[in-house]
Undergrad: 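Take this structure, written in structure tokens, and hold onto it; I'll ask about it next.
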Number of protein chains: 2
Amino acid sequence: MTTRPRRADARRNVEAILDAATATLARDPDASINDIAKAAGVGRVTLYGHFENRAVLVAAVVERAMRESEASLRGIDLSGDPAAALVRLIDATWQVTLRYGALVVAAEKSMPVAEMAAAHSEPRERAQRLIDHGRDLGRFRTDLPVSWLVTTMHTVTHAAATSVYAGELPADEAAHAIAATMLGLLTPPGQTVPDVGVLRLVR
Amino acid sequence: MTTRPRRADARRNVEAILDAATATLARDPDASINDIAKAAGVGRVTLYGHFENRAVLVAAVVERAMRESEASLRGIDLSGDPAAALVRLIDATWQVTLRYGALVVAAEKSMPVAEMAAAHSEPRERAQRLIDHGRDLGRFRTDLPVSWLVTTMHTVTHAAATSVYAGELPADEAAHAIAATMLGLLTPPGQTVPDVGVLRLVR
DNA sequence: CATAAGTCGAACATGCGTGTACGACAAGAG
DNA sequence: CTCTTGTCGTACACGCATGTTCGACTTATG
């Protein structure tokens, strides 16, 4: 891993391992190295040839996942109508969450707390900026801490992923459900919840 | 465990183990038997003297937790004003969740799926009844599946517990936050979110 | 096609959590 | 006070996941 593999199949295997690890860990954060190697169609020894540790492997997976996530989330326009912006953010976030699922849980067990906090801060700040924006316009509620609202948004998204995995919620309805849910809860007391016109943006 | 302990200190130890296991597993579902025994101020061997297995121990803990939970949840009046009833239900549910936290996760790993589903069905049905009631009165939204709303309620409550454990949310504000959150997201689009008058019931 | 680079299975070492066995010792019930 | 019932420490057996080592075998690359 310190020096790149010279041969083509080696590089292909590294990719396969990364992919398999992502998929496997997203389903079961406690998956064994053996499971991952098997899922990658590769011997366990080969895996160790490319990644010294479980920790190193997880770190690599997380790093790649974060790069891709950031790439698709960074470009989102958070300005303009807060409700519409929220739908945009949720839509993109949902795709990422569905792909990487419970990978976060696996990461939490082998990554130092500091790094973990740093990894979380980016998306949290994004959501927080959006909510602040909506508050400034009087469109989002101010009677609850922003951090709590952000937490709720994260949690609800995660719950949707779990529900989809469990077959309780159709995957193509998930983003809509999350958006409708969040839009409802972000609307201030004494104010009318935005109607379906906005929600239709999702699908 | 099959036959009750005859001696007083034995019975006391069983209680201590049950208490320690509840507290320890609520924090870390993967806690070892050793940790639990230590937390109970008891030798590991003693623990095995009372509970054959980890599974048996977990089952006992869960069973006791469910008995207590059911006792405090069964009596709740779900009729009348849906918003007020929701606040009542959340208030009681919150106490239970705070005490038993992530114990569910520990249970999921050693209990058969069927039993687990059965254990979940009771509280889910309760919430579902309440939401249905609110829908009938046109006070709760009908544009999302009931099961999703119930899941969300469960998830949000759980997130609150995690936040409190992490010190991000004061314990005495949690129930209020959950109630405000759920009331907000349950209100139908095109309708005014109930104001603070109801929420004040919580605190 | 020759060789360096990579793969693979089997075997081994290690650490950890679980569960059991033993024997000395303490504590409660009658 | 005596004897049954528990407790506790130590030690052991076992299974399981993690890493490592070895040697034979395969594959890309120049």
Side-chain angles (χ1 to χ4, degrees), chain A residues 1-21 23-25 27-62 102-103 105-112, chain B residues 1-21 23-25 27-62 102-103 105-112:
Chain A
M1 215 283 157
T2 26
T3 57
R4 321 267 162 146
R6 287 136 173 76
R7 241 169 63 178
D9 57 343
R11 257 170 299 152
R12 240 182 302 125
N13 275 338
V14 172
E15 281 307 305
I17 292 172
L18 246 29
D19 289 341
T24 308
L25 290 177
R27 296 274 178 160
D28 174 18
D30 290 325
S32 79
I33 295 280
N34 216 341
D35 293 336
I36 298 175
K38 209 163 289 181
V42 146
R44 199 166 62 98
V45 199
T46 304
L47 192 155
Y48 277 112
H50 294 296
F51 303 92
E52 309 176 13
N53 281 344
R54 174 180 239 277
V56 171
L57 172 60
V58 175
V61 170
V62 169
L103 199 146
V105 182
E108 276 170 353
K109 293 180 182 172
S110 60
M111 279 176 71
Chain B
M1 216 282 158
T2 26
T3 57
R4 318 275 162 141
R6 289 136 174 74
R7 236 170 65 181
D9 59 343
R11 257 169 299 151
R12 238 183 304 124
N13 275 339
V14 172
E15 281 306 305
I17 291 171
L18 245 28
D19 289 342
T24 308
L25 290 177
R27 296 274 177 159
D28 174 18
D30 291 325
S32 78
I33 294 280
N34 215 341
D35 294 335
I36 298 174
K38 209 163 289 181
V42 147
R44 197 166 62 96
V45 199
T46 303
L47 192 153
Y48 276 111
H50 294 296
F51 304 92
E52 308 175 15
N53 281 343
R54 175 178 238 278
V56 171
L57 172 60
V58 175
V61 170
V62 169
L103 198 145
V105 182
E108 275 169 353
K109 293 180 182 172
S110 59
M111 280 176 72

Undergrad: How close or far is atom C1' of D:dA17 from atom CG of A:Asn53, stated in whole angstroms?
TA: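 Those two atoms, CG and C1', are 13 Å apart.
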Undergrad: Whole-Å distance between D:dT27 C1' and A:Asp9 CG?
TA: 6 Å
Undergrad: Using heavy atoms to find the nearest nucleotide of DNA chain D for B:Val14 and A:Val45 separately, return the residue whose nucleotide is more 5′.
TA: B:Val14
Undergrad: Supply the atom-to-atom distance B:Thr46 OG1 to B:His50 NE2, rounded to the nearest 0.5 angstrom.
TA: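 Between B:Thr46 OG1 and B:His50 NE2, I get 6.5 Å after rounding to 0.5 Å.
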Undergrad: To the nearest 0.5 Å, what is the distance between OG1 (B:Thr24) and CD1 (B:Ile33)?
TA: 10.5 Å
Undergrad: How do B:Ile33 and B:Arg12 order along DNA chain C: which one's closest nucleotide is nearer the 5' end?
TA: B:Ile33
Undergrad: Work out which heavy atom in A:Ala102 is nearest to a heavy atom in A:Pro29; give both atom names and the distance.
TA: O-CG, 3.8 Å
Undergrad: Where each residue is assigned the nucleotide of DNA chain C containing its nearest heavy atom, which of B:Asp30 and B:Arg11 is assigned the position nearer the 5′ end?
TA: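 Taking each residue's closest nucleotide, the earlier one in sequence belongs to B:Asp30.
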Undergrad: For the NZ atom of A:Lys109 and the CG atom of B:Asp30, what is their distance to the nearest 0.5 Å?
TA: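 If I round to the nearest 0.5 Å, the distance is 5.0 Å.
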Undergrad: With respect to the side chain of A:Arg7, which nucleotide from D:dT7, D:dT27, D:dC8 is positioned closest?
TA: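 Nucleotide nearest to A:Arg7's side chain: D:dT27.
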Undergrad: First contact, last contact: which nucleotides of DNA chain C are these for chain A, 5' to 3', heavy-atom distance under 4.0 Å?
TA: C:dA5 to C:dA11
Undergrad: Mind checking the CZ-CG spacing from A:Arg44 to A:Asp35? Nearest 0.5 Å is all I need.
TA: 11.0 Å
Undergrad: Can you tell me the distance, in whole Å, between the NE2 atom of B:His50 and the P atom of D:dC8?
TA: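 For the pair B:His50 NE2 and D:dC8 P, the rounded distance is 9 Å.
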Undergrad: Can you measure B:Leu47 atom CG to D:dG9 atom C1' for me and round it to whole angstrom units?
TA: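 To the nearest whole Å, that distance equals 15 Å.
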Undergrad: Take atom NZ of A:Lys38 and atom P of D:dA17, then tell me their distance rounded to the nearest Å.
TA: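 A:Lys38 atom NZ is separated from D:dA17 atom P by 10 Å.
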Undergrad: Rounded to the Å, how far apart are B:Phe51 CZ and D:dT7 P?
TA: 11 Å
Undergrad: Using the side-chain heavy atoms of A:Arg44, tell me which of these nucleotides is nearest: D:dT18, D:dT7, D:dT29.
TA: D:dT18
Undergrad: Does the side chain of B:Thr46 get closer than 4.0 angstrom to OP1 or OP2 of D:dC8 through an N or O atom?
TA: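 Affirmative; the distance criterion is met.
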Undergrad: D:dG19 C1' sits how many Å from A:Ile36 CD1, rounded?
TA: 14 Å
Undergrad: In whole angstrom, give the distance that lies between atom CD1 of B:Ile17 and atom P of D:dG6.
TA: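 Value for this atom pair: 13 Å.
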Undergrad: To the nearest 0.5 Å, how far apart are CZ in A:Arg11 and CG in A:Asn13?
TA: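 Separation between the atoms: 11.5 Å.
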Undergrad: Apply the side chain to side chain contact (heavy atoms under 4.5 Å, CB included) test between B:Ile36 and each candidate in B:Val58, B:Leu47, B:Val61; give the one that qualifies.
TA: B:Leu47
